[in-house]
Amino acid sequence: MLLRMSTLFLRTLRDDPADAEVPSHRLLVRGGYIRRVAPGIYSWLPLGIAVLANIEKVVREEMASIGSQEVHFPALIPREIFQASGRWADYGDSLFRLADRKGNDYLLGPTHEELFTLLVKGEYSSYKDYPLSLYQIQTKYRDEARPRAGVLRGREFIMKDSYSFDLTDEGLQQSYQAHRDAYERIFSRLGFDYRIVFAVSGAMGGSASEEFLAPTPSGEDTFVQCTNCDYAANTEAVEIVGPPAAEDSAGSSQPASVVLDTPDTPTIATLVDCLNGLDWAAYGQDGRQFAAADTLKNVVLKTRQPGADKWELLVVGVPGDREVDLKRLAGQLEPVEVVQADEKDLAAEPGLVKGYIGPQLLAELKVRYLVDPLVVEGSAWVTGANEPGKHAAFVVRGRDFDPDGEIGAVEIRDGDRCARCGSPLQIARGIELGHVFQLGRKFAEAFGLTALGPDGKPVTITMGSYGVGITRAVAALAEQTYDEAGLVWPRAVAPADVQVVPTGKDVAAVAEAERIAAELVSLGVRVLLDDRKASPGVKFKDAELLGVPTILVVGRGLDDGVVELRDRKSGERRDVPVGDAVSAAHAEVTGG
Ligand code: ATP
Ligand code: MG
């Protein structure tokens, strides 16, 4: 393949686009890989298409290697199909909905579980047909609340999604493992630095669920890694251990709870100051000092069932030195929506006194109350007394209040302890590249996907669901590999292997560059030849911006019989005799 810069549909930009928040976005636009049409909606130009095609090639090869077969579904889907699975409602505002000329409702597919299930149901009927694995590479539509960072979070994006269909749970385990292995090969081959972390299974339910994350500061996901064992999890799904459950889990050794006058203490800091000015001798705790961690903070949120209009209050209790992580909560409550309650919601429930809310009253008010597992059974707290200016001390879980349940709610911190081994956890940010999870029988049940077993009885099929963000992978790779001069593509995805750059006006240099390019192409090397009438400075700048891994400069050195070979990633430059230029560049490409 020979691409000529003189005719390539490409205009690089000197300036950063005004809306670019992250390096990959900035560089993909400047390098002429993508152009913005609307928020979260991008056009792909020839170089961008080349990178996409390389990624898709690796994905197709690895899907084939596990026996998955490619199909292709429409993006335009009739409402009834999503209604049957419940997702017309569950997907909420993220679903693009539209109507045809007759007024029939349609949607643009955000993922395709329903269509895969229906397709298989239409074709297969016997246990002998299974197991089966199908995939597609398709454009998805999601009206993301915050499209971001170019193609990293688009509203239209390309995804590889695959599904496995098995008769038994053991079969599903095997299909899941095969996919997980294929994903490891895909992300390694593409040149990613990635981690596999436990994840929540999200809107689709299911059990085992893991994400492939690319660690990078601009990632939207936060994950933890244990400093001792191999536990790693998205913070949405992480489990941490708190203090061991109180030995006295009934809290009988604690003084009876007391209501204290704590005027003007609506915040944890003011409350702690006030507590440390009180006399605790009467409770057998002379000289006791309090910290924020001794207080129980109750945060008022509200939740809404999918498809419902009405919001319901939810109070979440966490130690006072911790914040509530709404994203972590949302991941666990999905498809139920959860947001912070506002003044109006609070006003509608006069029993909730802002700044002084305690759990003692919540059962009576019929307000749902969940606590973080750090609020262990039998633990004693200072918390609101449900009256302005008053708090209660020695309020014991299991004695003075009983939450309706537990939910991992606190914002995870560096140093929180691993639920497996108790060692400190480390926090980092990453981009979700892919997701594998065991969907189970939810969709098979919704659509009646069964196979006739050997005994003539129907068996409900169990499914796995596996996704890779193809367009996101382009940006994520750029994000992990760029430097201050531009993009630095790993070889497997680069739009070309070698960029041949003749410099100077010398016709000999141009002729020599043409010859080298042609010979490389005949060896199967993908060459980008900068045959523009531009200054060396412009050509070098563009070569660095575009990120082709090997740059071959044919210029001044020719008088001495040499050309210069540059490695885009390491910056290393070396002269090679012009006669060896082709073999040297070829060796770079093949790693020989
Ligand atoms: P996220 O949590 O980032 O919104 P998701 O969990 O909703 O992603 P999945 O439904 O698991 O995503 O989709 C599979 C893959 O598709 C993801 O792992 C990601 O790589 C990609 N993907 C999802 N949403 C987007 C988007 N808006 N833009 C680009 N790629 C996306
Ligand atoms: Mg996901």
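When a ligand or atom number is given, it counts from 1 through the structure's own listing order. All values derive from a computational prediction rather than experimental measurement.
Taking all heavy atoms of Lys140, Arg142, Lys160 into account, the minimum distance to atom 12 (O) of ligand 1 is reached by Arg142. Of all the listed residues (Ala473, Gly469, Ser465), Gly469 holds the heavy atom that lies closest to atom 21 (C) of ligand 1. Closest heavy-atom approach to atom 13 (O) of ligand 1 among the candidates Arg153, Glu144, Met159: Met159.
Heavy-atom separations between Leu152 and ligand 1 include at least one value shorter than 4.0 Å.
Panel note: side chain Glu21, backbone Ala149; a donor-acceptor pair is recorded below 3.5 Å. Between the Arg30 side chain and the Pro17 main chain, no donor and acceptor come within less than 3.5 Å of each other. Side-chain N or O atoms of Arg322 include one that pairs as donor or acceptor with a backbone N or O of Glu411 at under 3.5 Å.
With sequence neighbours excluded, the residues forming a salt bridge (Lys or Arg N to Asp or Glu O under 4.0 Å) with Glu323 are Lys297, listed by chain and number.
The existence of a salt bridge linking Asp321 and Arg413 is confirmed by a sub-4.0 Å separation between a basic side-chain nitrogen and an acidic carboxylate oxygen. Of the charged side-chain nitrogens involved, none lies within less than 4.0 Å of a carboxylate oxygen, so that Asp16 and Arg14 do not count as a salt-bridged pair. Salt bridge absent: Arg568 and Glu544 never bring a charged side-chain N and a carboxylate O closer than 4.0 Å. Using a 4.0 Å cut-off between charged nitrogen and carboxylate oxygen, Arg304 and Glu312 do not count as a salt-bridge pair.
At a heavy-atom distance under 4.0 Å, atoms from both the backbone and the side chain of Glu432 approach ligand 1. Neither the backbone nor the side chain of Glu220 comes within 4.0 Å of ligand 1, counting heavy atoms alone. Residue contacts with ligand 1 for Asp161 are absent, since no atom lies close enough (heavy atoms, distance under 4.0 Å).
For the pair Glu211 and ligand 1, the shortest N or O to N or O distance does not fall below 3.5 Å. In terms of polar-atom proximity, defined here as any N/O pair under 3.5 Å, Phe157 makes no such contact with ligand 1. Between Gly467 and ligand 1, no N or O atom pair is found at a separation short of 3.5 Å.
Judged as a ring-ring contact (aromatic ring centres under 6.0 Å, His included), the pairs with a partner in residues 40-87 (not counting sequence neighbours) are, in order, His25-Tyr42, Phe73-Phe116.
Residue contact check: Gly154 has heavy atoms under 4.0 Å from atoms 26 (C), 27 (N), 28 (N), 29 (C) of ligand 1. Proximity to Leu433 (heavy-atom distance under 4.0 Å) selects the following atoms of ligand 1: 18 (O), 20 (O). Within ligand 1, counting atoms from 1 as listed, the ones closer than 4.0 Å to a heavy atom of Gly434 are 18 (O).
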